[in-house]
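So the structure is just underneath, and the comments pick up after that.
This is a predicted model, so every value here is computed, not measured. The first residue in the sequence is number 1, and the count goes up from there. Whatever order the structure lists ligands and atoms in, that order sets their numbers, starting from 1.
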Amino acid sequence: MKKERVLITGGAGFLGSHLCDRFIKEGYHVIAMDNLITGDLSNIEHLFKHPDFEFYHHDVSTFVHVPGELKYILHFASPASPIDYLKIPIQTLKVGSLGIHNLLGLARVKKSRILIASTSEVYGDPLVHPQPEEYYGNVNPAGPRGVYDEAKRFQEAMTMAYHTYHSLDTRIVRIFNTYGPRMRLNDGRVLPAFIGQALRGEDLTVFGDGSQTRSFCYVSDQVEGIFRLLMSDYHFPVNIGNPDEITILQFAEEIIKLTGTQQKIIRRPLPQDDPKQRQPDITRAKELLGWEPKVSRAEGLKITYEYFKSLSRDLLFQRDYKNFEKYVR
Ligand code: UDP
């Protein structure tokens, strides 16, 4: 029987590669697309031998062509860490604007359902806590995070416009901090930063006084939420994340305990516009999708630490993207 085909942009990235695994497991034909600026082929290498997996090395900010039918499109291509936005701000803006335009156009031609990866960053430095989908956010468009936040906000607006004007079948997931194996060790995000520092024998860098909060969701829970949303008939944004909130200082202490490192915590200045608190209100996901996270931080961190420990020393000390020079002009 002919398999249904799904296109996953950012398919070589952290979340994208886990989604590729999930759709292969569900019996789909998966086409992963990635320009490999921040994605890495090692995340999907195990899938290349699979007859129902294809990889397109392509930048979705330029015209996207995929032959044949596409049942679903999942748009997960984008730099996704504050360090990335600083290094490649224009690519970040382009993938969230030109990229989404190309993919919405593709979805129209192919009559596909399209799910786009949005983010808790649409809430900016939130003045409402926890953040429900009805909250409009507190974003500084001209600040360092503006390139990501505004691209994602534009992406939501564009998706809703295609839904209302072209009756396109759309889904929007607002992803809160998610972690797990295949995160990039050098992406600057707090979890790979702390674990990388512990493994290299460096002190752990807490930004500011560490009283800012985040709520970390394990990747298998995130993928389950995304899958259920795609299969639902709901086209407004849905938060997917784990409401278990923790301060960054407590988080650093947890990582010290987990890794057994003898290093200490040192303070670094708090980056501009760093959100002071973040916690998803997941009432909507619970009611609509019957979804809630299952993996505790203790379990998830253990698996993630084992993954980072298994990486080569080269990767542990590599400071930049593998393909940075090649793609960023
Ligand atoms: N952070 C930190 N030390 C680091 C990296 C990050 O204290 O080495 C803090 C950062 O200031 C933020 C939080 O950890 O308050 C989460 O940062 P991350 O870059 O993971 O993503 P964000 O949730 O801010 O998008």
Side-chain angles (χ1 to χ4, degrees), residues 13-15 38 78-89 92 96 117-126 129-131 137-140 143-153 174-180 182-219 222 239-256 258-259 261 263-280 297 300-301 304-305 308 316 319 321:
F14 163 49
L15 275 179
T38 60
S78 176
S81 91
I83 298 276
D84 289 344
Y85 327 144
L86 289 175
K87 282 187 188 161
I88 43 174
T92 305
S118 189
T119 166
S120 54
E121 283 286 321
V122 300
Y123 304 121
D125 188 1
H129 194 71
Q131 294 81 54
N138 176 38
V139 171
N140 173 5
R145 287 177 184 250
V147 295
Y148 183 66
D149 301 8
E150 294 297 356
K152 290 291 187 181
R153 288 168 69 99
R174 289 189 182 149
I175 298 171
F176 283 66
N177 292 68
T178 298
Y179 70 98
R182 303 186 194 155
M183 282 186 103
R184 221 169 68 238
L185 242 182
N186 59 4
D187 79 355
R189 274 182 286 192
V190 67
L191 185 145
F194 285 170
I195 294 187
Q197 285 161 345
L199 288 173
R200 287 188 297 268
E202 299 168 0
D203 291 332
L204 274 65
T205 51
V206 166
F207 297 166
D209 63 6
S211 63
Q212 69 273 34
T213 68
R214 294 294 185 271
S215 309
F216 296 98
C217 181
Y218 188 65
V219 62
Q222 183 62 246
N239 289 339
I240 299 286
N242 189 327
D244 188 5
E245 187 182 9
I246 184 176
T247 70
I248 294 301
L249 187 61
Q250 286 169 327
F251 190 58
E253 283 158 1
E254 276 191 11
I255 300 289
I256 287 178
L258 171 77
T259 59
T261 176
Q263 305 298 317
K264 51 186 194 312
I265 290 171
I266 53 171
R267 301 295 165 93
R268 290 281 177 267
L270 189 67
Q272 189 195 330
D273 298 335
D274 198 291
K276 282 179 275 308
Q277 49 183 7
R278 184 183 289 153
Q279 183 190 36
R297 202 168 52 245
L301 283 181
T304 310
Y305 178 47
F308 281 128
L316 190 58
R319 292 286 173 182
Y321 318 127

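Residues with a heavy atom under 4.0 Å from ligand 1: P82, E121, R145, N177, G188, R189, V190, A193, F194, T205, V206, F207, Q212, R214, I248, P271, D274, R278.
No salt bridge links R214 with D244; every basic N to acidic carboxylate O contact stays at or beyond 4.0 Å.
The shortest side-chain heavy-atom distance between T213 and Q279 does not fall under the 4.5 Å cut-off. Taking the side chain as every heavy atom from C-beta outward, F308 and M183 approach each other to under 4.5 Å. At a threshold of 4.5 Å between non-hydrogen side-chain atoms, the residues P280 and F176 count as touching.
Side-chain rings of F216 and F251 approach one another, their centers coming within less than 6.0 Å.
Applying the side-chain hydrogen bond (donor to acceptor under 3.5 Å, both in side chains) test to S120 and every residue at least two apart in sequence or in another chain returns R278.
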